[in-house]
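Reviewing the structure listed below.
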Amino acid sequence: MAKEYNFREIEQKWHRLWTQRQTYKVTEDTERQKFYVLNMFPYPSGAGLHVGHPLGYIASDIYARYKRLQGFNVLNPMGYDAYGLPAEQYAIKTGQHPEKTTFANIDRYREQLDKIGFSFDWDREVRTCTPDYYRWTQWAFQKMFNSYFDEDLQKAQPIEKLIDKFKREGRWPSDPKAQSDLLMNYRIAFLGETMVNWCPGLGTVLANDEVVEGVSVRGGFPVEQKKMRQWCLRVSAYSQRLLDGLDTIDWSESIKETQRNWIGRSEGTEVEIKVDGNPDASFTIFTTRADTMFGVTFFVLAPESELVDKLTTSGQRAAVEDYLRYVKSRTERERMIDHTVTGVFSGAYGINPITGDKCPIYIAEYVLAGYGTGAIMAVPAHDSRDYAFARHFNLPIIPLVEGADVSEESYDAKEGTVTNSPSSPDGSVEYDGERLVLNGLSIKEAIAETKRFVQAHHLGRIKVNYRLRDAIFSRQRYWGEPFPVYYKKGIPTMIPEDCLPIELPQVEKFLPTETGEPPLGNAQMWAWDEVNRKIVDKKLIDEQTIFPIELYTMPGFAGSSAYYLRYMDPHNSEALVSDRAASYWQNVDLYVGGSEHATGHLIYSRFWNKFLFDHGVSKKEEPFQKLVNQGMIQGRSNFVYRIKETNTFVSLGLKDQYDVTPIHVDVNIVKNDVLDIEAFKAWSPEYATAEFILEDGKYVCGWAIEKMSKSMYNVVNPDMIVENYGADTLRLYEMFLGPVEQSKPWDTNGIDGCFRFLKKLWALYWDKDGNLTATDSEPSAESLKTLHKLIKKVTADIEVFSYNTSISAFMVAVNELTQQRCTSRLVLQTLPVLIAPFAPHIAEELWEALGCEGSVCDAKWPQYDEKYLVETSVKLGVQFNGKVRFDMLFPADATPEQMIELATSAPEAAKYLDGMQVVKTIAIPKRIVNIVVKPKA
RNA sequence: GCGCUUGUGGUGGAAUUGGUAGACACGCCAGACUUAGGAUCUGGUGCCGAGAGGCGUGUAAGUUCGAGUCUUAUCAGGCGUACCA
């Protein structure tokens, strides 16, 4: 009786043994080189894992196991991003504490993950919602509060240095409130009165990356702009370093480009504009097109700008106020979709500093308060937005580029030769004793020249602007890290570091209080006793020694910004990470996760790490050296077609003959697009009596690629695959589906191929009586060639994450070895090592069956030897005029000349050479023989 | 609008980086074994054509002895972003 591949038994056995033997436990080992592999940790949602989740985990696990086999000391941890909105909203609905549901979800995730056979060191698990973890989130926040960004050094410094500086300069106020207010302008974590994205639907503020197209990412509720006092992180201070760092890391060009755009560096010029007849008022505009100074025909202020009130003349005040009311009434969303031209004249005129021309100052919503200075010089000829505005208000348009036709639209391109600048008869203008001439220069030269001129004559300065905003760091929510902050007579004060963590207080209700306070307002024990250094009942607040604690909590990205450091030293109660562990593990060598975090987590984390790097906590400026973005797994939905007003279903190929309604059908009762009719009848009572019109005796379903979602009945969870085929098949198949980085629909159709492959591999080791086939016989030359070809291919493929092609190579190799009836122990012992990263369970089982020592995880990755790959002869195509005419064998070491000689003298060549003359011959060893001929004259 | 990215059989996808396009797998067809098969094994399978042969990597041109790969234009899909001056 042949021995069966019993994946259930094998996988259970090895899960048990791996745990018992602590196979995946990692410790710092300075003898060995480290390698740090990391997955973006999951948010444990109530729905559990679906087949999309493990894609990245499998990909990184393969790499981690491969590196381990190569002798590296590999850190491959896993944990949970456990704070988040869904758990809180579930709590609001059901009254269940979010901690309870979150921990239940985590247990379910763990159970599912364990089935797949990852090499995670679970001793290092972190959960962002446990006090021993968020203690360090709070600690980092306090460190940011106590730091400022030194522009000259371009790094974070202790706030005390700044205080010293103020004292030296005599700018240090004596009043504590004034001190606090002054420092708030510099602290890296600071309280700011800023315009925030307020989402009434969620009852909280959101960060920029949590808002898309004017609605919240979670829930899709409208978002409005509101001025609020909030904790913020001065991410913008790190703009330049965040930008520069991109050149030092190994990420895909597209994600780096996304971050570059998000940071949005633009080099431009700030110019002071004086207001006609109002010597006290002046404003500053920002432009990247300094060359267009001579085309300015008006100025525009953002409606939110403080200048609006200052500049509006009494005659225009009523109109301006009307306009401001209109702007305020519009939601962010309306402003985004509707780009109709609106604006109002302020009554004031600005003076173009170079020409001295007076131009009207308008107020219009197309200018944003939050970017640049909130004021622009408008050059309608060369900016499409200014152009639309000028057309609408009948303002002059002055073209400044040779050949630019601005009768229909503006000429925005930065290419061409400047003309008309200035438009004076002699083409120049004198200012402060120097003549400025731009005519004849290219636009780029003109920009540089104007910058120089503006700078030299103190009309303004060169300025670099970034689009990147400071991150709003507080949320009006319950389920998040509490701030270790109390308000001492209104002054935000840090709770002493040695009193951390400040634990999340228990509350009865998770909604905001009736007075509109955040949910933490419901907590009774939420006041800070400064003398006894502990949390006390808020009834005791006396504003002398007992003060209220911050009611906000931190946003989701707080806990996920430095978790990779905590994995290095997860049980340390003295520090986020010990110096020893941080020095050993340095940073993440390979980070795997979705590209949807490009402008969120991946920016915040880089910022957070740079901050900790400035303080010597993190040892590398960039946290993630190489990033691989796994693609999304989309759902593949199946449809059945019900003939209208009947309970009869018609197969796909025949549906056009009827009037049908397509209905989503659970993909789990469809195989290879063929419906399991009995399962369908049992699926819902409605279909119990259904009838079917079949084709070829089968019911064929239609299909579509859609998002994986419950409502489409296309969610496939990994447990079912593991149940039916085993974890090794699941692992292989997820990788075989296509390149890791590519998004693709989940489709179970091909899974049998991977399952068959494992059965074939298994069959290679056992004879028909169930005995091991392995013998000590010398392997045949062809078996050695098969093996070494495989080693070479798999090694090269893993290095570039081309797992699908390495699996193909395994399939070919196993087929070849089966045909060769290979029984050589030497070959049979090498295969499990090669396959171990992909299918660890079967690899362990075979390794053990062969009587090898220890775990296959600790084996040595084999080296290939070119000598087994040498060909004695090689089959090449012989081309005439670039077309392959016949194939023939050449000695592998033939020189090009010999190849040409052999090819032209071959009998098959005669008919192509007849009546022709050879013009040119090309022979590339191991490639091709090409002969160019033409008819004899 | 801007930025990035992808177009190859019925399907997922290969192609040593400019050298015999379609590896491997699914599906399909034929056969073997079988009471049976959603098991296993063998062979076939880009398209047109009976055949020789011809045509084929979104489309059109170009460079080259030779292009899926390089250049230019163009079309289509996907992702990101949005009045950023």
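The basis for the numbers below is simple: all heavy atoms, side chains too, and nothing from hydrogens, waters or symmetry mates. Lettering of chains follows the sequences in order, A, B, ..., and the numbering in each one begins at 1. Given the structure is predicted, the values throughout are model-derived calculations rather than measurements.
Using bins of under 30°, 30° to 60° and over 60° for the plane-to-plane angle, the ring pair Phe810(A)/Phe757(A) lands in the tilted bin.
Residues passing the ring pair (Phe, Tyr, Trp, His ring centres under 6.0 Å) test with Tyr912(A), sequence neighbours excluded: Phe880(A). With sequence neighbours left out, the side chain to side chain contact (heavy atoms under 4.5 Å, CB included) criterion links Ile398(A) to Thr297(A), Leu400(A), Asn420(A). Here Asp250(A) pairs with Lys626(A) under the side chain to side chain contact (heavy atoms under 4.5 Å, CB included) rule; sequence neighbours left out. Looking at residues two or more places apart in sequence or on another chain, you find a ring pair (Phe, Tyr, Trp, His ring centres under 6.0 Å) between Phe299(A) and Phe283(A). By the ring pair (Phe, Tyr, Trp, His ring centres under 6.0 Å) test, Phe286(A) pairs with no residue at all, sequence neighbours left out. Taking the side-chain hydrogen bond (donor to acceptor under 3.5 Å, both in side chains) definition, one finds that Glu408(A) meets it with nothing, sequence neighbours left out. Qualifying ring pair (Phe, Tyr, Trp, His ring centres under 6.0 Å) partners for Phe7(A), counting only residues two or more places apart in sequence or in other chains: Phe755(A).
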Between N or O atoms, less than 3.5 Å apart, protein on one side and nucleotides 14-18 of chain B on the other: list the pairs.
{"unit_1": "A14(B)", "atom_1": "OP1", "unit_2": "Asn804(A)", "atom_2": "ND2", "d": "3.2"}

Under 3.5 Å, which N/O atoms of the protein pair with N/O atoms of nucleotides 54-56 of chain B?
none

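With 3.5 Å as the limit, one finds no donor-acceptor pair spanning the side chains of Ser384(A) and Glu409(A). Between the side chains of Tyr864(A) and Thr795(A), no donor-acceptor pair is found at a separation under 3.5 Å.
For C26(B), the base has no donor-acceptor partner in the side chain of Asn749(A) [N/O atoms by modelled type, under 3.5 angstrom]. For Glu596(A) and G80(B), a side-chain-to-base donor-acceptor distance below 3.5 Å is absent, hydrogens and geometry of angles not being considered.
The list of ring-ring contact (aromatic ring centres under 6.0 Å, His included) pairs with a residue in residues 365-384 of chain A, not counting sequence neighbours, reads Tyr366(A)-Phe389(A).
For the contact set between residues 363-379 of chain A and RNA chain B, defined by any heavy atom under 4.0 Å, the members are Tyr366(A), Val367(A), Leu368(A), Tyr371(A), Ile376(A).
Comparing U81(B), G19(B), A85(B) by their nearest atom to the side chain of Ile924(A) picks out G19(B). The side chain of Asn815(A) lies closest to A25(B) when the candidates are C65(B), G3(B), A25(B).
Annotation: U72(B) and G78(B) have their P atoms spaced 25 Å apart (nearest Å).
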> Dot-bracket for RNA chain B, 5' to 3', with Watson-Crick and G-U pairs under 3.5 Å, [ ] for crossing pairs and | for other-strand pairs: what is it?
Replying inline: (((((((..(((......[....)))((((((.......))))))(((....)))..(((((..]....))))))))))))....
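Stacking of Lys3(A) on the aromatic ring of Trp766(A) is recorded, both the 6.0 Å distance cut-off and the 45° axial limit being met.
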